[in-house]
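One structure is given here, and the rest of the page talks about it.
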Amino acid sequence: MKKFAITIAGGGSTFTPGIVSMLLDYYEEFPISVIKLYDNFQERQDPIGEACKIMLQERHPEVTFSYTTDPKEAFSNIDFVMAHIRVGLYAMREQDEKIPLKYGVVGQETCGPGGMAYGMRSIGGVLEILDYMEKYSPDAWMLNYSNPAAIVAEATRRLRPNSKIINICDMPVSIENTFAGILGLESRKELIVRYFGLNHFGWWTSITDKAGNDLMPQLKEWVAEHGYESSTEDFQHRAPSWKETFRKVKDVYAVVPDMLPNTYLKYYLYPDYVVEHSNKEYTRANEVMDSREKEVFETAAEIIKNGTAEGYEFHAGAHASFIVDLARAIAYNTQERMLLIVPNNGALVNFPADAMVEVPCLVGSNGPEPLVMGEIPTFQKGMMEQQVAAEKLVVDAWEEKSYQKLWQALTLSATVPSAGIAKEILDDLIEANKEYWPELS
Ligand code: NAD
Ligand code: G6P
Ligand code: MN
């Protein structure tokens with residue numbers, strides 16, 4: 001049986017050890033011969049690499065493991081790249097969140113002006129990794145978590161139309177875990193869903209079990225009262241700010257009560273509420289630096305100090321299982337049904353063909369085949385048209401180095417109240433991102 005070779009790009013990511021651990025959990029169903037880590041920041045990757053090396057030696061010593069900052073070494077002779085880079089690191093996420101908040105506007109990693117600023121940093125980094133992969137392993141697939149996925153996906157659609165890259169998000173699978181919990185089911189994999197939208201911007205229209213029983217009524221009854229708050233364990237979204245987001249779904253749901261919403265819609269439907277409930281001095285970036293980032297690097301340091309990974313665990317939930325399932329679906333042509341970010345091309349029949357949308361796809365060795373979700377209603381379509389235009393304008397701005405296009409993008413975001421405020425935020429973002437953005441004129 002063929003064994004697969006995998007490179008994790010953004011090797012120093014807080015999510016790397018969880019994905020490595022999940023690859024080892026799956027070893028029987030998805031045998032691997034090689035895992036390599038790649039990062040452009042050696043000091044950050046080294047401790048993660050060393051800790052993973054110890055973990056691998058103990059669990060699967062037959063897997064060849066290495067970590068490097070050399071692209072040729074990293075991307076040669078591989079079958080898959082699993083990418084999750086953060087250009088600008090947490091220091092820049094903090095700026096993305098705090099600058100808009102100064103002007104009374106939502107400050108969020110992937111939504112609104114902060115998400116656009118992050119997009120302007122990410123596009124170049126993601127294209128660079130894709131180009132390395134194609135240079136050194138032209139047959140490989142890149143499975144990309146790097147955010148903001150909507151903007152990155154539009155950039156790869158437009159600038160690398162023939163590349164084997166699939167952009168993905170873990171929010172729907174995390175929410176589907178919550179659904180399974182509410183329904184008293186073992187696993188989200190018992191659910192068959194219909195869903196449409198953009199990344200971090202969509203709705204479930206149908207949820208059944210494998211026998212075809214409609215599970216929406218039971219879920220709606222729960223959500224109308226509790227939002228997505230439930231006793232289901234969701235390690236990745238366990239922080240108080242995430243719990244609040246899950247509760248707020250109650251109000252997001254009330255706007256479109258025939259469907260179940262993605263949590264991220266709160267930023268577009270209730271921006272005033274979000275701003276009122278934000279701490280301008282201590283945002284989610286600070287929370288993550290003080291929790292996940294700290295914990296992952298402390299655990300790595302302890303593993304290295306003790307020379308063993310026994311007794312330590314790196315969390316590997318839906319986030320890790322989803323990307324490993326995707327690699328496996330391509331490797332073994334499993335035709336698994338998965339929600340992915342793909343060119344619309346008629347999947348949403350009354351929406352532009354060249355929009356990147358998030359819809360269920362069947363996945364096999366030729367990649368994703370999107371399923372037709374049909375016509376979408378006027379309200380959702382209106383919201384999505386505004387949002388997709390804003391995302392496209394960010395990519396225009398990056399390509400053309402255009403201040404005007406980026407100003408238009410910010411202005412168009414439903415999180416921003418006026419062109420004047422958009423301009424003030426933009427001018428601050430330009431100053432903060434000097435090192436990372438193309439120079440705009
Ligand atoms: P992190 O800062 O801990 O890790 C990112 C790593 O990427 C860092 O080690 C950094 O040095 C590296 N990096 C930055 N630019 C690079 C480049 N050009 N080449 C190689 N490496 C580079 O961040 P994190 O919190 O672990 O998140 C990683 C990424 O995954 C982020 O983009 C985050 O938004 C994304 N993410 C996406 C989803 C999703 O649903 N799509 C879910 C979780 C995380
Ligand atoms: C969800 C989203 C990701 C996002 C993450 C942020 O899982 O799908 O796109 O990156 O949340 O989580 P954090 O813990 O970093 O705020
Ligand atoms: Mn996501």
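Read the numbers this way: they start at 1 and go in the same order the structure lists the ligands and their atoms. Keep in mind that the numbers below use all heavy atoms, side chains included, and drop hydrogens, waters and symmetry copies.
In terms of protein heavy atoms, atom 32 (O) of ligand 1 is closest to Y118 OH, 2.5 Å. Of the protein's non-hydrogen atoms, the one nearest atom 44 (C) of ligand 1 is F15 CE1, 3.4 Å. The protein heavy-atom contact nearest to atom 25 (O) of ligand 1 is Y90 OH, 2.4 Å. For atom 28 (C) of ligand 1, the closest non-hydrogen atom on the protein side is H84 O, 3.4 Å. Protein heavy atom in closest approach to atom 8 (C) of ligand 1: D39 OD2, 3.5 Å. Of all protein heavy atoms, the one lying nearest to atom 43 (C) of ligand 1 is H319 CE1, 3.4 Å. Protein heavy atom nearest atom 35 (C) of ligand 1, with residue, atom name and distance: Y145 O, 3.6 Å. At the top of the distance list for atom 18 (N) of ligand 1, counting protein heavy atoms only, stands N40 ND2, 3.3 Å.
Between H319 and Y145, the two ring planes are parallel [angle under 30°; tilted spans 30° to 60°].
A donor and an acceptor atom, one from each side chain of N144 and S146, are located under 3.5 Å apart. In summary, the side chains of N167 and T156 do present a donor paired with an acceptor at a separation below 3.5 Å, with no hydrogens or angles considered. Between the side chains of E302 and Y312, at least one donor N or O sits under 3.5 Å from an acceptor N or O. Defined by atom type and a distance below 3.5 Å, a donor-acceptor pair is present between the side-chain atoms of E287 and S241. Looking at Y67 and D39, their side chains never bring a donor and an acceptor atom within 3.5 Å of each other.
Among I168, I323, I8, the one residue that satisfies the side-chain contact (heavy atoms from CB on, under 4.5 Å) test with H84 is I8.
Residue contacts with ligand 1, taken as heavy atom pairs separated by less than 4.0 Å, involve R86 via backbone and side-chain atoms alike. Contacts between E109 and ligand 1 below 4.0 angstrom, taking non-hydrogen atoms only, involve the side chain exclusively. With a 4.0 Å cut-off on non-hydrogen atoms, T110 does not touch ligand 1 at all. When non-hydrogen atoms are compared, ligand 1 lies under 4.0 Å from neither the backbone nor the side chain of Q45.
Of the possible donor and acceptor atoms, one in the side chain of E190 sits under 3.5 Å from a partner among the backbone N and O of E186.
The N/O atoms of S13, backbone and side chain alike, include one that comes under 3.5 Å of an N/O atom in ligand 1. Distances between N or O atoms of I129 and those of ligand 1 include no value under 3.5 Å. Considering backbone and side-chain N/O atoms, I168 comes within less than 3.5 Å of an N/O atom of ligand 1.
Around the CD atom of E313, the shell of radius 6.0 Å holds no more than 12 heavy atoms that belong to other residues, nucleotides or ligands. More than 12 heavy atoms of other residues, nucleotides or ligands lie within 6.0 Å of CD in E295, so this atom counts as buried by the packing criterion.
Checked against a 6.0 Å centroid threshold, the rings of Y136 and F75 do not count as neighbours. You'll find the ring centres of W204 and F179 inside the 6.0 Å limit. Between Y118 and Y436, the ring center distance fails the sub-6.0 Å criterion. The distance between the ring centers of F196 and W203 falls below 6.0 angstrom. Annotation: F201 is not in aromatic contact with Y264 [ring centroid separation under 6.0 Å not met].
Taking the Mn ion (ligand 3) as reference, H200 places its N/O/S atom NE2 nearest.
Close approach to D170 involves these atoms of ligand 1, each under 4.0 Å from a residue heavy atom: 39 (C), 40 (O), 42 (C), 43 (C). Near E128, meaning under 4.0 Å from one of its heavy atoms, ligand 1 places the atoms 18 (N). Ligand 1 places these atoms under 4.0 Å from at least one heavy atom of L89: 2 (O), 8 (C), 10 (C), 11 (O). Within ligand 1, counting atoms from 1 as listed, the ones closer than 4.0 Å to a heavy atom of R292 are 25 (O). Ligand-side atoms of ligand 1 in range of C169: 39 (C), 40 (O), 41 (N), range being under 4.0 angstrom from any heavy atom. Counting the atoms of ligand 1 from 1 in the order shown, those under 4.0 Å from a heavy atom of F41 are 11 (O).
Side-chain contact between K250 and V223: absent, with no pair of heavy atoms (C-beta onward) separated by less than 4.5 Å.
In this structure, K381 forms no cation-pi arrangement with F351, as its terminal cationic atom is not both closer than 6.0 Å to the ring centre and no more than 45° off the ring axis.
When heavy-atom distances to ligand 2 are checked against 4.0 Å, the residues falling inside are R93, E109, N147, C169, D170, M171, H200, Q236, H237, W242, Y264, R284, V288, R292, ordered by chain and number.
Within the 4.0 Å heavy-atom shell around ligand 1 one finds S146.
For atom 15 (N) of ligand 1, the nearest non-hydrogen atom from the set N199, L127, V87, V126 comes from V87.
For the residue pair R158 and D396, the shortest heavy atom distance occurs at NH1-OD1, 2.5 Å.
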